[in-house]
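Presented below is the structure to which this report refers.
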Amino acid sequence: MSQLVLCRRRILGQRFPTDDFTNVTPAIISKTPLQLHITPSHPLSTLRELIESAYKDFTHVSTSSPLVSPYKNFDELSFPLDHPGRATTDSYYVNRDMMLRTHTSAHEVEMFRKGETRWLLTADVYRRDEIDASHYPIFHQVEGARIFDTNASGMTEVLEDNERLSSLLASANIIIEDIPHISDTNPVQHNHDPVFSELVAKNLKLSLNNLLLKVFGAAAGITKQNPLRVRWIEAYFPFTSPSFEVEVFFQGKWLEILGSGVVRQATLDTAGVENKIGWAFGLGLERIAMVLFSIPDIRLFWSTDSRFLSQFQQGKINVFQPYSKYPSSYRDVSFWIPQDSKMHENDFCDVVRDTAGDLAEDVKRIDHFCHPKTRRTSLCYRINYRSMDRSLSNAEINHVQDQVLSRLKDKFGVEIR
Ligand code: PHE
């Protein structure tokens with residue numbers, strides 16, 4: 001018990017007791033106050049404003065604490081108890097009762113409960129993940145939602161809005177690959193009028209197609225001959241049905257942009273909202289900003305180097321000019337893991353992030369081997385080190401690597417080979 005009292009984490013000015021769920025690391029905690037999405041001139045802030053400008057008559061929220069209860073992040077949104085997102089290998093927990101939100105949907109009930117009927121909420125979200133140029137354990141999402149009255153005037157409102165949005169798209173340089181609003185595999189909710197649900201799903205799609213046109217349409221290369229290509233894909237989320245994902249074809253690749261759907265009625269019930277039906281979407285900012293601003297590595301968003309920051313102005317989308325690519329250098333680590341070890345790949349990555357910070361560019365498992373006689377498992381990882389801002393000396397990398405090894409030994413009892 002005394003250990004419980006001694007072990008505390010201080011996050012955003014609050015102190016929390018730790019327990020067997022605690023896995024949030026100092027490297028992550030140190031980034032919680034930064035709020036890149038409202039930092040003037042930051043690319044993420046410009047992109048947030050661009051999205052907000054497509055939803056002018058919506059309420060816009062962009063400051064909220066990332067500390068939420070697992071109840072708010074998962075249960076309020078009908079996540080089953082065995083959903084993998086709840087695992088400590090996937091999410092950051094301060095303790096059993098407090099975590100860092102894994103998505104902005106965690107605020108849906110709160111926003112609906114306040115009586116908001118059309119809103120956007122932008123925030124930092126946290127997920128334990130691998131290490132490479134497009135994955136970072138913190139990223140930013142915009143959640144958007146709109147609900148309508150389930151009566152004749154609500155239905156008229158959707159119909160009129162669908163008309164307006166369709167006519168905006170009719171003359172635009174966009175090709176949309178659509179799927180049915182409702183199908184056997186992407187069903188209407190049992191307590192919804194199928195006609196109304198279809199109209200709401202259509203409103204969601206029209207609204208997002210217009211948003212994507214605004215966000216990508218201005219980018220170089222979109223013309224009559226070379227229109228923006230958007231495709232809708234059936235999806236599954238515990239808190240929407242029907243559900244959709246959207247991908248955009250940009251610079252030769254299909255990019256996953258967002259998840260969305262018709263809000264599960266249980267969410268509105270929990271929020272105390274009656275006689276409404278509506279949609280919600282959640283969109284990741286980094287991936288879009290990386291292509292719009294030609295930012296090659298997700299770590300750059302966190303750079304405080306003026307050679308990065310000075311290239312951007314609030315409200316302007318311009319191509320990032322890399323100031324230099326400093327040399328990279330890799331180190332391999334091979335080790336035996338103890339027989340009863342539950343060490344997960346994300347545990348390895350968090351040790352690396354916590355020790356090397358943003359000097360770790362990429363981590364790959366290059367070998368996995370089970371000894372035929374002893375049945376012991378050996379793993380080998382390759383850590384690629386590179387600074388965004390300067391050259392690293394071999395001595396500095398060796399020092400970081402030594403610390404990684406000693407933390408692996410201390411935390412997971414591994415035997416370095
Ligand atoms: N929260 C989901 C995610 O992060 C996205 C989503 C938001 C899906 C709203 C449906 C509705 O993947």
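Only this structure's heavy atoms are used, side chains among them; waters, hydrogens and symmetry mates stay out. Here, residue 1 is the first one in the sequence, and each next residue gets the next number. Given the structure is predicted, the values throughout are model-derived calculations rather than measurements. As the structure lists them, so they are numbered: ligands from 1, and atoms in each ligand from 1.
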* To do: Taking the six-membered ring for Trp and the single ring otherwise, decide whether the centroids of Phe301 and Phe139 are under 6.0 Å apart.
  => no
* Please collect all side chain to side chain donor-acceptor pair (under 3.5 Å) contacts where either partner lies in residues 187-200, sequence neighbours excluded, each pair once. => His192-Gln265
* To do: State which residues pass ring pair (Phe, Tyr, Trp, His ring centres under 6.0 Å) with Tyr126; sequence neighbours excluded, sorted by chain then number.
  => none
In a table with atom names and distances, give each donor-acceptor pair under 3.5 Å that connects a side chain of residues 158-170 to protein atoms at least two apart or in another chain.
| residue | atom | partner | partner atom | Å |
| --- | --- | --- | --- | --- |
| Asp161 | OD1 | Arg164 | NE | 3.0 |
| Asp161 | OD1 | Arg164 | NH2 | 2.8 |
| Asp161 | OD2 | Arg146 | NH1 | 3.0 |
| Asp161 | OD2 | Asn203 | ND2 | 3.0 |
| Asn162 | OD1 | Asn203 | ND2 | 2.8 |
| Asn162 | ND2 | Leu199 | O | 3.3 |
| Ser166 | OG | Asn162 | O | 2.7 |
| Ser167 | OG | Arg164 | O | 2.9 |

* Centroid-centroid distance, His103 to Phe79, less than 6.0 Å -> yes
Write 'none' if nothing qualifies; otherwise put on separate lines each N/O atom of ligand 1 with a protein N/O atom under 3.5 Å away and their distance to 0.1 Å.
| residue | atom | partner | partner atom | Å |
| --- | --- | --- | --- | --- |
| ligand 1 | 1 (N) | His103 | ND1 | 3.0 |
| ligand 1 | 1 (N) | Ser105 | OG | 2.8 |
| ligand 1 | 4 (O) | Arg127 | NH2 | 2.9 |
| ligand 1 | 4 (O) | Gln141 | NE2 | 3.0 |

* Asked: Given the side-chain rings of Trp119 and Tyr55, with only the six-membered ring counted for Trp, is the space between their centroids under 6.0 Å?
  -> no
